[in-house]
Peer 1: 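The structure that follows is given in the form of structure tokens.
Note that the structure is a prediction, hence the values are computed from the model and not measured. Read the numbers this way: they start at 1 and go in the same order the structure lists the ligands and their atoms.
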Amino acid sequence: MSDFAKGEVWLVGAGPGDAGLLTLHAVEALKAADIVVHDALVSVEVLAYASGAELVLLGKRGGKPSPKQPEINARLVAEAKAGKRVVRLKGGDPFMFGRGAEEVLALVAADVKFRVIPGITAGIGGLAYAGIPVTSRDVNSSVIFLTGHDQTGLSPVGVDWSAVGKAAGMIVLYMAMRHMGEISGKLIAGGLAADTPVAVVMNASLPEMRVLDTTLERAAAEIEASGIGAPAIVSIGQGNLLREQMTWR
Ligand code: SAH
């Protein structure tokens, strides 16, 4: 791609894993890149498009030792200043719980030119692979996207769980596997029915995708019993019931 100039950083969304969900811009950027700095969620199939580039894994992974954000920012700036075409490749969409904003601000501060290429987020496209529409006219007219843990790794403080339960017909949780018991308990205490349908979609869009259908009350125990774990996206709401008719994969 001719407009990917040397010394620029392109922040690219890789989607949830199935390489067919890459945008045309993403593929062109991967082909033109000198270096691809990717996070742990990016699939092998996606990285294959960057066959001419140096691949560097630098990203956060819940529970495992991972580089500090300033270190990642500094690396992006250094590679750009060295005159490379740098792709910063993130799972899903870079601005959905992906620290994309922090990285862009670091590039701005260092006077590095950049471009943002959005991607398909797990909380919409990943759920679609499990036959779950994130909205549907007869079921819900609003969605909330929430992270299941904050920067400290604990379940996020300062969330008004009762307000969350009332505000949206569908709640989509990222990074929630470790705190599902606590989160479900708070949502039920806040007024959501204990039998609200919950779907847990692990490795959404990939061949090894697994889906658990459960309820708010049973979710934590069934997650544990089923062995389903990260990366998984959790949807809470009546829309999950459409899965029965809408599963296509
Ligand atoms: N920027 C990403 C989200 C990063 S946070 C996006 O837009 O999708 C990491 C969390 O995303 C994971 O803990 C999980 O909740 C979710 N996730 C990402 N890829 C996933 C996949 N293929 N299947 C299920 N969940 C996924």
Peer 1: For the CD atom on Glu208, are there more than 12 heavy atoms of other groups (residues, nucleotides or ligands in this structure) within a distance under 6.0 Å?
Peer 2: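 Count over threshold, so yes.
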Peer 1: Decide if atom NZ of Lys6 counts as having more than 12 heavy atoms of other residues, nucleotides or ligands within a radius under 6.0 Å.
Peer 2: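 Enclosed.
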Peer 1: Give the intermediate values and the outcome of salt bridge (charged side-chain N to carboxylate O under 4.0 Å, His left out) for residues Arg75 and Glu79.
Peer 2: CA-CA 6 Å; Arg75 178 74 183 264; Glu79 298 290 357; 2.7 Å; yes
Peer 1: Nearest protein heavy atom to atom 11 (O) of ligand 1, by residue and atom, and its distance?
Peer 2: Tyr174 CD2, 3.4 Å
Peer 1: Show me which atoms of ligand 1 lie under 4.0 Å from any heavy atom of Val201.
Peer 2: 24 (C)
Peer 1: Does ligand 1 have any atom sitting under 4.0 Å from a heavy atom of Gly17?
Peer 2: no
Peer 1: Distance under 4.0 Å to a non-hydrogen atom of Thr121: what atoms of ligand 1 satisfy this?
Peer 2: 6 (C), 7 (O), 8 (O)
Peer 1: Are His149 and His179 close enough that some pair of their side-chain heavy atoms sits under 4.5 Å apart?
Peer 2: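 They are in side-chain contact.
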Peer 1: Which of the numbered atoms in ligand 1 are under 4.0 angstrom from any heavy atom belonging to Pro231?
Peer 2: 23 (N), 24 (C), 25 (N), 26 (C)
Peer 1: Tell me: protein heavy atom nearest atom 3 (C) of ligand 1, and distance?
Peer 2: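 So the nearest neighbour among protein heavy atoms is Met96 O, 3.4 Å.
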Peer 1: Please list the nearest protein heavy atom to atom 23 (N) of ligand 1 with its residue and the distance rounded to 0.1 Å.
Peer 2: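 For atom 23 (N) of ligand 1, the nearest protein heavy atom is Ala204 N, 2.8 Å.
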Peer 1: May I ask you to list the atoms of ligand 1 that are less than 4.0 angstrom from any heavy atom of Phe97?
Peer 2: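 Those atoms are 4 (C), 5 (S).
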Peer 1: Just let me know how Asn203 lines up against ligand 1, side chain, backbone, both or neither, with a heavy-atom cut-off below 4.0 Å.
Peer 2: backbone
Peer 1: Find all atoms of ligand 1 within a distance of less than 4.0 Å from any non-hydrogen atom belonging to Leu41, and give their numbers and elements.
Peer 2: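 Listed by number with element, the hits are 9 (C), 18 (C).
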Peer 1: For atom 13 (O) of ligand 1, which candidate among Met175, Met177, Arg99 holds the nearest heavy atom?
Peer 2: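 Heavy atom nearest to atom 13 (O) of ligand 1 belongs to Met175.
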Peer 1: Can you tell me which portion of Ala232 lies within the under-4.0 Å heavy-atom range of ligand 1? Options are side chain, backbone, both, or neither.
Peer 2: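 The answer is the backbone of Ala232.
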